[in-house]
Amino acid sequence: IVEPYNAVLFTHTTLEHCDVAFLVDNQAIYDLCRDNLGVERPTYTNLNRLIAQILSSITASLRFDGALNVDLNEFQTNLVPYPRIHYPLATYAPLVSAEMAYHETLGVDQITKTCFEAG
């Protein structure tokens, strides 16, 4: 009961005090580590590394110079189409274990399809 209650309070508060927020479901990250990455009992270190990798890929355009890269204002403008929608969806693919990364060959079409698969 605590988790949904905290989520409702959090979303209400961030509407007033935040421009962009990426929400992360702890159970979903735990399941990804266990099922996709082959970690039997994921620790907080495993979960935090995966979350850091996802957020790092989202904000890569803010850290590097280039014609396609944007600043923080453009980042917010492109991701938040309406003033009260502050929660863009983050996807990350491919999500494979270190052992599988050496022999997996994934094309752009397979990576794109993986982003939209449930589970």
Side-chain angles (χ1 to χ4, degrees):
I1 287 184
V2 172
E3 187 174 333
Y5 181 73
N6 287 341
V8 169
L9 289 177
F10 172 77
T11 54
H12 178 69
T13 302
T14 58
L15 284 174
E16 302 300 324
H17 302 290
C18 175
D19 292 327
V20 178
F22 292 98
L23 304 179
V24 178
D25 182 7
N26 290 337
Q27 186 63 45
I29 296 294
Y30 185 88
D31 293 343
L32 284 172
C33 282
R34 191 185 64 229
D35 300 339
N36 293 50
L37 299 178
V39 180
E40 287 184 31
R41 293 184 51 109
T43 63
Y44 286 117
T45 302
N46 299 119
L47 303 178
N48 287 336
R49 284 182 180 165
L50 182 57
I51 292 169
Q53 196 169 6
I54 293 168
L55 291 178
S56 175
S57 68
I58 291 170
T59 60
S61 65
L62 298 174
R63 293 189 307 275
F64 303 106
D65 292 331
L68 295 176
N69 298 341
V70 297
D71 64 358
L72 194 57
N73 290 329
E74 289 179 65
F75 189 73
Q76 175 192 350
T77 302
N78 293 334
L79 292 178
V80 182
Y82 301 103
R84 300 216 18 111
I85 299 176
H86 296 223
Y87 311 104
L89 179 65
T91 60
Y92 187 80
L95 190 60
V96 295
S97 64
E99 295 83 25
M100 291 182 65
Y102 292 109
H103 58 79
E104 285 287 318
T105 55
L106 297 172
V108 174
D109 58 337
Q110 181 63 31
I111 293 172
T112 305
K113 188 164 61 169
T114 304
C115 284
F116 294 102
E117 286 179 353

Open item on the list: List the residues meeting salt bridge (charged side-chain N to carboxylate O under 4.0 Å, His left out) with E16, not counting sequence neighbours, and say none if there are none.
Closed with: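 Expected list: R84.
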
Open item on the list: Applying salt bridge (Lys or Arg N to Asp or Glu O under 4.0 Å) as the test, list every pair that has at least one member in residues 22-39; sequence neighbours left out.
Closed with: D31-R34

Open item on the list: Suppose the criterion is salt bridge (Lys or Arg N to Asp or Glu O under 4.0 Å): which pairs have a residue in residues 41-62, not counting sequence neighbours?
Closed with: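 Counting only pairs at least two positions apart or across chains, no salt bridge (Lys or Arg N to Asp or Glu O under 4.0 Å) contact touches residues 41-62.
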
Quick one: pull up [atom1] in [X] and [atom2] in [Y] and give me the separation to the nearest 0.5 Å.
X   : Y   : atom1 : atom2 : value
L32 : N46 : CG    : CG    : 12.5 Å
L50 : N36 : CG    : CG    : 9.0 Å
Q53 : I58 : CD    : CD1   : 11.5 Å

- [ ] Output all residues satisfying side-chain contact (heavy atoms from CB on, under 4.5 Å) with L47, sequence neighbours left out; order by chain, then residue number.
- [x] I29, Y30, C33, P42, Y44

Task: Non-neighbouring partners of S57 that pass side-chain contact (heavy atoms from CB on, under 4.5 Å), sequence neighbours left out - done: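 Partners of S57 under the side-chain contact (heavy atoms from CB on, under 4.5 Å) test: Y92.
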
- [ ] Tell me, with the steps shown, if I111 and V108 meet side chain to side chain contact (heavy atoms under 4.5 Å, CB included).
- [x] CA-CA 5 Å; I111 293 172; V108 174; 5.8 Å; no

Open item on the list: According to side-chain hydrogen bond (donor to acceptor under 3.5 Å, both in side chains), who are the partners of S56, at least two apart in sequence or on a separate chain?
Closed with: R63

Task: Residues forming a side-chain hydrogen bond (donor to acceptor under 3.5 Å, both in side chains) with T45, sequence neighbours excluded - done: none

